[in-house]
Amino acid sequence: MSDCIFCKIVANEVPGTIVYQDDDVVAFEDANPQLPVHTLIVPRKHYDHIGDNIPTELLGKLFATVPRIAKIKGVDETGYRVVVNTGEDGRQTVHHLHIHVLGGALMPIRMGPAD
Ligand code: 5GP
Ligand code: ZN
């Protein structure tokens, strides 16, 4: 998608700090990190969100990349949180599927509705 910022990062058309890449997935640092570790994992191919008819094999590859990133970022022992914001209520702002890997500090417990 020509106007998608993550497609541009994947295509090296805009800079991103790449943490890992292979034929199907790319992981890069979030531009506005919420925690000491905040890395995004995306499929190279554009899908809007996790419900966008993604082949099961690709979904498996994306999630198999999570522990790999955790290890690269040094949070595999301490733990981390994996987040996939989806749609409006999920507060998805970039509409190219991405997995957030967050770590390096103790997470808030609360996961309920916004105040
Ligand atoms: P969402 O709210 O859609 O789940 O998360 C989008 C994430 O993408 C946010 O955490 C935001 O900081 C990050 N982001 C937005 N634009 C850019 C960008 O141009 N480059 C990078 N590396 N991250 C971005
Ligand atoms: Zn895209």
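Note that ligands are numbered from 1 as they come in the structure, with each ligand's atoms numbered from 1 the same way.
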Inter-residue atom distance T65.OG1 - D24.CG, 0.5 Å rounding =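 It comes to 8.5 Å.
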
How many angstroms lie between OG1 in T78 and CG in L106, if you round to the nearest 0.5 Å?
-> 10.5 Å

When you measure from the side chain of [X] to the backbone of [Y], do you find a donor-acceptor pair of N or O atoms at a distance under 3.5 Å?
X   : Y   : answer
T86 : V84 : yes
R44 : D22 : yes
Q21 : V26 : no
E77 : V75 : no

Quick test: of every protein heavy atom, which one is nearest to [atom], and how far off is it to 0.1 Å?
atom                    : value
atom 15 (C) of ligand 1 : V94 CG2, 3.9 Å
atom 12 (O) of ligand 1 : D30 OD1, 2.5 Å
atom 5 (O) of ligand 1  : H98 NE2, 3.1 Å
atom 22 (N) of ligand 1 : E29 O, 2.9 Å
atom 23 (N) of ligand 1 : A31 N, 3.2 Å
atom 19 (O) of ligand 1 : I5 CG1, 3.3 Å

Counting only heavy atoms not in R68, do more than 12 fall under 6.0 Å of its CZ?
-> no

Test side-chain contact (heavy atoms from CB on, under 4.5 Å) on V42 and F28 and set out the steps.
-> CA-CA 8 Å; V42 307; F28 54 89; 3.8 Å; yes

At the 4.0 Å heavy-atom cut-off, does V83 count as touching ligand 1?
-> no

What do you reckon, does H95 put a non-hydrogen atom under 4.0 Å from ligand 1?
-> no

What about L40: any of its N or O atoms under 3.5 Å from an N or O on ligand 1?
->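 No.
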
Under 3.5 Å between some N or O of ligand 1 and some N or O of R91?
-> yes

Looking only at heavy atoms, is any part of Q34 under 4.0 Å from ligand 1, and if so is it the side chain, the backbone, or both, or is it neither?
-> neither

Structural part of T17 in contact with ligand 1, heavy atom criterion under 4.0 angstrom | neither

Identify, by atom number and element, the atoms of ligand 1 in contact range of [X], meaning under 4.0 Å from any of its heavy atoms.
X   : result
T93 : 1 (P), 2 (O), 3 (O), 5 (O), 6 (C)
N85 : 1 (P), 2 (O), 4 (O)
N32 : 12 (O)
F6  : 8 (O), 24 (C)
Q92 : 3 (O)
F28 : 22 (N)

Nearest heavy-atom neighbours spanning V10 and P43 | CG2-O, 4.4 Å

Taking the N/O/S atoms of H46 one by one, which is nearest to the Zn ion (ligand 2)?
->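 In H46, the heteroatom (N, O or S) nearest the Zn ion (ligand 2) is ND1.
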
Among the N, O or S atoms that H96 has, which is closest to the Zn ion (ligand 2)?
->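 Closest to the Zn ion (ligand 2) among those atoms: ND1.
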
Taking a hydrophobic cluster as the set of Ile, Leu, Val, Met, Phe, Trp and Tyr residues connected by side-chain heavy atoms closer than 4.5 Å, whether directly or through intermediates, do Y20 and L97 fall within one such cluster?
->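 Same hydrophobic cluster.
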
Does one hydrophobic cluster hold both I18 and V37, with members joined at side-chain heavy-atom distances below 4.5 Å?
-> no

Out of H96, H100, H95, which residue meets the ring pair (Phe, Tyr, Trp, His ring centres under 6.0 Å) rule with H98?
->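 With H98 as partner, H96, H100, H95 yield a single ring pair (Phe, Tyr, Trp, His ring centres under 6.0 Å), made by H100.
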
Flag H95 as yes if one of its N/O/S atoms falls below 2.8 Å of the Zn ion (ligand 2), otherwise no.
->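 No.
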
Where the Zn ion (ligand 2) is the centre, what is the SG-to-SG angle for C7 and C4, rounded to 10°?
->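 Result: 120°, to 10°.
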
Is any side-chain N of the basic residue among D115 and R110 closer than 4.0 Å to the acidic one's carboxylate O?
->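 Yes, this pair counts.
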
